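Read through the structure below, which is laid out as structure tokens, and then see the notes.
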Amino acid sequence: MAAALLANTLYSLGFVLEKRALTSLPEVSIRQPARLLRLVLGSPLWIGGSLALAAGFAAQLVVYRTLPIAAAQGIFVSGLVLLVLLSARLLGEETSGRERYALGAILLALLMVVLSLREGSDTVSQDAPYPLILLVCVPSLAAGVWLYASAERRTRNRHRRPTTGVEYGVAVGLLYGVSSLAIKGVAGRLTTDGIGGAVLSLLGSPYPYLLLFTGVFGLVMSQAALQRCRASLIVPVCTTVTSLFTAVLGTLSFGEALPDEPLRLALRVAGTALAVAVLLTMPKHDTAPQPSPPAKELASP
């Protein structure tokens with residue numbers, strides 16, 4: 001539990017620091033990944049945010065070795081409250097009434113998932129069949145990249161109203177969902193006795209290669225989306241998609257059984273359905289006031 005709360009804090013702080021750094025940088029694009037990386041790596045504030053996210057990743061490894069996937073996701077999503085508070089305080093972002101209701105409904109949905117858990121009765125699996133992992137992850141990666149590219153094409157339309165970033169959040173959330181399953185797999189491989197055996201076991205699995213793909217593409221896609229959309233909306237959407245993806249498909253892939261009691265099963269299914277319904281009905285166009293751009297951006301041609 002302590003590691004999960006620490007991961008929440010580090011992830012929220014990391015995203016906010018990266019967003020603050022991106023607001024002072026020239027516009028970045030996924031079509032120029034080398035330029036994007038050069039710009040962000042030249043920002044000390046962005047590097048600080050990335051280090052916070054990396055530390056959150058380490059805490060997440062500890063969580064996956066001790067908690068069932070669904071339980072871990074429920075705790076991780078509770079960090080949305082901290083993220084929204086930090087975005088308002090440090091970034092000057094405001095959410096609309098409809099968005100606040102949506103975020104509240106998402107938290108309610110994931111609370112239902114947490115209530116469906118029972119300590120001691122939920123199994124913590126360490127491994128999954130590799131063909132099944134690939135069957136789940138490869139189409140999801142393709143869907144995430146396709147959805148992001150579609151959102152980019154629509155955004156380039158000059159007559160289109162500003163987007164809230166829901167499509168970006170869903171796309172990046174799919175990639176991070178795959179990354180989350182890979183982290184779970186890595187945590188299981190690290191239980192092998194001896195460093196050499198653990199490394200060989202890890203390299204013989206698909207997990208490091210999935211992490212490499214999601215790390216590279218997720219970094220480029222998330223930074224471009226985070227620069228043009230509000231962190232207080234895009235990160236909660238991304239986190240919700242990641243959590244639902246991991247809790248549902250991860251539970252099935254790693255063989256962590258669903259509750260056998262009708263009430264607990266109903267809570268888990270209803271919570272998942274509510275979160276999906278909220279995502280489908282969230283506003284697609286931005287109406288919330290945006291923070292003023294930095295002075296040096298106003299002076300640029």
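Excluded from the calculations below are hydrogen atoms, water molecules and symmetry mates; all remaining heavy atoms, backbone and side chain alike, are included. Note that the structure is predicted; figures quoted are calculated from it, not measured.
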Go through the structure and list residues passing side-chain contact (heavy atoms from CB on, under 4.5 Å) with L141, not counting sequence neighbours. L175, V178, L210, F213, T214
Is there a path from V172 to L17 through hydrophobic residues (I, L, V, M, F, W, Y) whose side chains come within less than 4.5 Å of each other? no
Residues forming a side-chain hydrogen bond (donor to acceptor under 3.5 Å, both in side chains) with S179, sequence neighbours excluded: none
Show the numbers, then the answer: is there a side-chain contact (heavy atoms from CB on, under 4.5 Å) between C137 and L181? CA-CA 9 Å; C137 292; L181 290 189; 4.1 Å; yes
Would a hydrophobic clustering, with Ile, Leu, Val, Met, Phe, Trp and Tyr connected at side-chain separations under 4.5 Å, put I133 with V138? no
Got a sec, which residues hit side-chain hydrogen bond (donor to acceptor under 3.5 Å, both in side chains) with Y176, two or more places apart in sequence or on another chain? S222
With sequence neighbours excluded, residues passing side-chain contact (heavy atoms from CB on, under 4.5 Å) with P139: none
What is the distance from atom OH of Y209 to atom CG of L134, rounded to the nearest 0.5 Å? 12.0 Å
Is there side-chain contact between L219 and L37, with at least one heavy-atom pair below 4.5 Å? yes
Which pair of non-hydrogen atoms, one from L10 and one from G56, has the smallest distance, and what is that distance? CD1-N, 3.6 Å
Does V40 share a hydrophobic cluster with L13, counting links as ILVMFWY side-chain heavy atoms below 4.5 Å and allowing steps through other members? no
Nearest heavy-atom neighbours spanning A224 and I30: CB-CG2, 3.9 Å
Test item: Q227 side-chain N/O and L22 main-chain N/O as donor-acceptor pair under 3.5 Å: yes
Could you tell me which residues satisfy side-chain contact (heavy atoms from CB on, under 4.5 Å) with S150, sequence neighbours excluded, listed by chain and number? W146, R153, R154
Would you check if Q32 and V28 make a side-chain contact, meaning some heavy-atom pair closer than 4.5 Å? no
Would you call L211 and V186 a side-chain contact if the rule is heavy atoms closer than 4.5 Å? yes
A side-chain contact here means heavy atoms from C-beta on lying under 4.5 Å apart; do P26 and L39 qualify? yes
Of all pairs that satisfy side chain to side chain donor-acceptor pair (under 3.5 Å), the ones with a partner from residues 33-53, not counting sequence neighbours: E18-S50, W46-Q223
Could you tell me whether the side chain of F217 reaches within less than 4.5 Å of the side chain of L212, counting heavy atoms only? no
With sequence neighbours left out, write down each residue that passes side-chain contact (heavy atoms from CB on, under 4.5 Å) with Y130, or none if nothing qualifies. D127, R189, S205, P206, Y207
With a 3.5 Å distance limit and no angle check, can you tell me whether Y168 reaches the backbone of I234 through a side-chain donor-acceptor pair? no
F245: ring-ring contact (aromatic ring centres under 6.0 Å, His included) partners, not counting sequence neighbours: none
